[in-house]
Amino acid sequence: MRLGLKLKKESKPPQEQQQEQQNQEFKFEFIFFNSNSQQQQFDNQDSNQFKLVIQNKSTKEQMIILKDYVYIGETQNNKMNGNGKIYIKQYDAYCNNNYFVYEGQFKNDQIDGKGTEYYGKTNNKKVDGVFQKFSLVEKFQEYNQDGSILIKQQNLQQSMLQQSFIQEDRSTNKTFRIKSGFKQTPPQPQQQKPQVKQNDKWTKFDVELSKDHLSSLLSEKAINDSIVEAYLNYINYIDSDRFFNLKSLAEIQVYKRTLIIPYFLFEQQKIDILNYFAEFSYLKGQFWLVYQQIFAIVNTNGHWILLQLCFEGQDIKMKVYDSCSKKKAIFYVTTCKHVWNVIEPIIKQYNLTISWKSKDIIVSECPQLAQPNDSGIFVCAYLKYLISNISLDQITQEVINNIRKTELFNVVKKEK
C-alpha cells in the first residue's frame with residue numbers, strides 16, 4: 001500500500017526559498033528605541049534595542065514582543081498604555097522561567113493601576129488589586145489555584161477572648177492553655193527528618209536534574225527525557241537571546257528564529273497546547289508567524305526522532321530526521337500523526353484553514369548512529385547543525401562524543 005511518503009535523500013538541508021509572509025490581517029514592524037530609566041522595567045540594558053510590534057488591522061490593540069515579555073492590548077506611540085495583558089518571563093540564575101501574567105491597566109509602558117495577576121499561563125486568577133510595576137500595592141481579593149475565592153479563617157468569638165484557663169484534653173491526656181481565643185499547645189519534640197543531600201538534585205532550564213544525569217553523560221548510557229528537555233529549553237533560550245541582541249534591521253530580517261515545542265506537550269500532557277501558546281491568541285494561535293524554524297521531538301520506545309514543521313500556506317510539511325531510519329513508512333505516519341494531534345487544537349480553536357496529510361512527510365537523509373544508545377545525542381546534534389545552517393554530513397562519531405561529554409554536560413551541570 002502506497003502511503004504517499006516522500007523519501008528525500010540529502011546530506012545537507014536544502015536552502016528553502018525565503019517567503020515574504022504577506023498576511024493581509026497582520027502588519028509586522030520592528031521598532032528601535034533607546035532604554036531609559038522609565039523603561040528599564042521591561043527593556044534590556046543595551047542602549048540600542050528593538051521590539052516587534054504586530055498590528056491586527058481589524059482592531060486598535062497591538063501585540064508587542066521583546067525577549068522577556070509579550071504584551072497584548074492598547075498602546076500609545078507603540079508603548080503599553082491603557083488596558084492590556086502581559087506575559088513576562090522571569091529567569092533565575094539557572095535560567096528557570098517563572099511566568100508573571102498580569103491583565104489590567106498600563107501607563108507609559110508600565111504596569112500601573114487596577115488589574116489581576118494570574119497563576120502562570122492558566123486562566124485562574126491569583127489576586128485582584130492595584131499594581132505598580134511588579135508590586136501589589138492594594139489587595140482586593142485572593143484566589144486559590146483552582147480559581148475559587150480564598151476565604152481567610154475567621155477569628156473566634158469575642159466572648160472566648162475574655163478567658164484564660166487550663167483545659168485537659170482527655171483524648172490525648174495532654175494539657176494546653178487557651179489564651180486570647182487561641183489554643184496554645186506546649187512545644188513537642190520535633191522528629192529528626194532524614195537528611196537529603198541538596199547537592200544531588202537541582203533545577204536548571206526548567207528541568208529537575210541530578211548527579212545521575214551527569215553520570216549517564218559520562219558513560220555510554222542512553223540519555224533520558226530530562227537531559228533532552230533541558231537541552232531543548234537551552235536552545236530556545238539562547239536563540240531568543242541572540243535574536244534580540246541583533247543590531248541592524250538587515251540582520252533581523254534574515255534571521256530565522258527557532259522554536260522547539262516542548263517534549264512534555266507530546267508525552268506528559270502537563271499543560272495543553274492552547275495554554276502553552278496563550279500569548280499568541282492575538283495571532284489566532286499562529287506562532288509560526290513569529291518563528292521560522294519549528295521543531296518537535298518524539299520518543300518511541302526509547303528511540304528519539306527530530307521533526308521539523310514547515311508551515312507553507314495552508315499546508316504543514318513534516319521533515320523527519322531519524323538516526324536509525326530503516327523503518328517502515330507506517331512508523332513515520334504514526335509518529336507525525338501524533339504530533340499533528342497535539343497541534344490540531346490550535347487549528348480548530350481559531351478555525352484556521354490549515355491541514356496535514358501523510359503525503360506531506362519527508363524522511364531526510366542524515367547521519368546514522370553506530371551505538372544503540374546515542375539516538376538522543378543525535379537529535380541534539382541535528383538541532384545544533386540545522387539551526388546553524390551547517391551540513392548534517394559533518395556530524396561524526398567524534399562530534400557525537402563531544403556533544404555528549406562536553407556540550408550536554410555543561411548544560412546539565414549545576415554550575416551556571
Side-chain angles (χ1 to χ4, degrees), residues 5-14 16 205 207 222-239 256-267 287-288 291-311 316-327 329 331-343 356 358 360-397 399-400 402-404 407-408 411:
L5 284 177
K6 297 178 182 179
L7 185 59
K8 192 171 184 177
K9 294 185 178 181
E10 50 186 12
S11 60
K12 181 176 181 178
E16 299 178 6
F205 292 108
V207 180
I223 61 175
N224 67 6
D225 55 351
S226 295
I227 297 176
V228 174
E229 191 171 343
Y231 186 74
L232 304 187
N233 293 343
Y234 162 76
I235 293 292
N236 282 336
Y237 178 85
I238 63 171
D239 181 79
K256 292 183 178 180
R257 293 197 65 188
T258 298
L259 172 68
I260 306 168
I261 301 175
Y263 168 71
F264 65 73
L265 284 176
F266 301 104
E267 300 300 329
F287 57 87
W288 51 90
Y291 297 96
Q292 292 74 46
Q293 297 188 112
I294 302 170
F295 298 92
I297 313 295
V298 178
N299 185 298
T300 303
N301 297 324
H303 181 73
W304 294 94
I305 298 173
L306 175 67
L307 300 180
Q308 183 173 7
L309 281 60
C310 305
F311 292 81
I316 299 179
K317 299 187 185 302
M318 295 192 192
K319 293 183 179 180
V320 180
Y321 297 91
D322 183 4
S323 59
C324 186
S325 59
K326 295 181 180 180
K327 298 181 178 68
F331 172 83
Y332 296 114
V333 174
T334 303
T335 301
C336 293
K337 176 65 174 174
H338 177 54
V339 174
W340 167 252
N341 288 341
V342 175
I343 297 173
W356 171 83
S358 61
D360 294 326
I361 300 174
I362 302 170
V363 181
S364 300
E365 185 177 86
C366 52
Q368 302 291 283
L369 56 78
Q371 303 293 333
N373 292 332
D374 280 346
S375 66
I377 311 294
F378 268 86
V379 161
C380 297
Y382 296 154
L383 265 175
K384 178 181 178 180
Y385 278 58
L386 285 171
I387 65 178
S388 302
N389 198 26
I390 302 174
S391 174
L392 294 185
D393 59 14
Q394 295 189 30
I395 299 176
T396 63
Q397 189 60 44
V399 170
I400 294 299
N402 183 66
I403 289 177
R404 171 189 279 274
E407 189 165 352
L408 285 177
V411 170

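Note that these values count all heavy atoms, side chains included, but never hydrogens, waters or copies made by symmetry.
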Work out which heavy atom in C310 is nearest to a heavy atom in K319; give both atom names and the distance.
-> SG-CE, 4.1 Å
Would you say D393 and Y385 make side-chain contact, with heavy atoms under 4.5 Å?
-> no
Nearest heavy atoms of T258 and Y291, plus distance in Å = O-CD2, 3.6 Å
Fit a plane to each ring of F311 and W288, take the angle between them on a 0 to 90° scale, and name the class: parallel (under 30°), tilted (30 to 60°) or perpendicular (over 60°).
-> parallel
Given side chains that start at C-beta, do those of I387 and F295 come closer than 4.5 Å, heavy atoms only?
-> yes
Sub-3.5 Å donor-acceptor pair from the side chain of Y332 to the main-chain atoms of S325, do we have one?
-> yes
Atom pair CE/OG of M318 and S358 - distance to nearest 0.5 Å = 11.0 Å
Taking the side chain as C-beta and beyond, is there a heavy-atom pair between V320 and F331 under 4.5 Å?
-> no
Would you say the side chain of Y231 lies within less than 4.5 Å of the side chain of I223, judging by non-hydrogen atoms?
-> no
Side chain proximity check, D322 to H303, heavy atoms < 4.5 angstrom | yes
Would a 4.5 Å heavy-atom cut-off, applied to side chains only, mark D360 and I316 as touching?
-> no
Return yes if some donor-acceptor pair links the side-chain N/O of E229 with the main-chain N/O of P262 below 3.5 Å, else return no.
-> no
Determine, stepwise, if the pair F378 / C324 fulfils side chain to side chain contact (heavy atoms under 4.5 Å, CB included).
-> CA-CA 10 Å; F378 268 86; C324 186; over 6 Å; no
Nearest 0.5 Å, what's the OG-OH distance between S226 and Y263?
-> 9.5 Å
Pairwise side-chain contact, C380 with W304, heavy-atom cut-off 4.5 Å (strictly under) | no
Gap separating the CG atom of L392 from the OH atom of Y321, nearest 0.5 angstrom | 6.5 Å
CG-CG distance between L306 and L386, expressed to the nearest 0.5 angstrom | 6.5 Å
Under 3.5 Å: donor-acceptor pair, side chain of D374, backbone of L369 | no
N/O donor-acceptor pair under 3.5 Å between N236 side chain and I260 backbone | yes
For S375 against G302, the heavy-atom pair lying closest together | OG-O, 3.9 Å
Nearest-0.5 Å distance, CD1 of residue I305 to OG1 of residue T335 | 4.5 Å
With no hydrogens and no angle check, is any side-chain donor or acceptor of Q293 less than 3.5 Å from a backbone partner on L309?
-> no
Atom pair CG/NZ of D239 and K256 - distance to nearest 0.5 Å = 12.5 Å
Go through W356 and C336 one step at a time and tell me if the side chain to side chain contact (heavy atoms under 4.5 Å, CB included) criterion holds.
-> CA-CA 9 Å; W356 171 83; C336 293; 3.5 Å; yes
Evaluation steps, side chain to side chain contact (heavy atoms under 4.5 Å, CB included), between I261 and V342 = CA-CA 10 Å; I261 301 175; V342 175; 5.8 Å; no
Using the side chain to side chain contact (heavy atoms under 4.5 Å, CB included) rule, take N341 and K337 through it: C-alpha gap first, then chi angles, then the decisive distance, then the call.
-> CA-CA 6 Å; N341 288 341; K337 176 65 174 174; 3.4 Å; yes
T334 versus T300: any side-chain heavy-atom pair under 4.5 Å?
-> no
Fit a plane to each ring of Y234 and F205, take the angle between them on a 0 to 90° scale, and name the class: parallel (under 30°), tilted (30 to 60°) or perpendicular (over 60°).
-> perpendicular
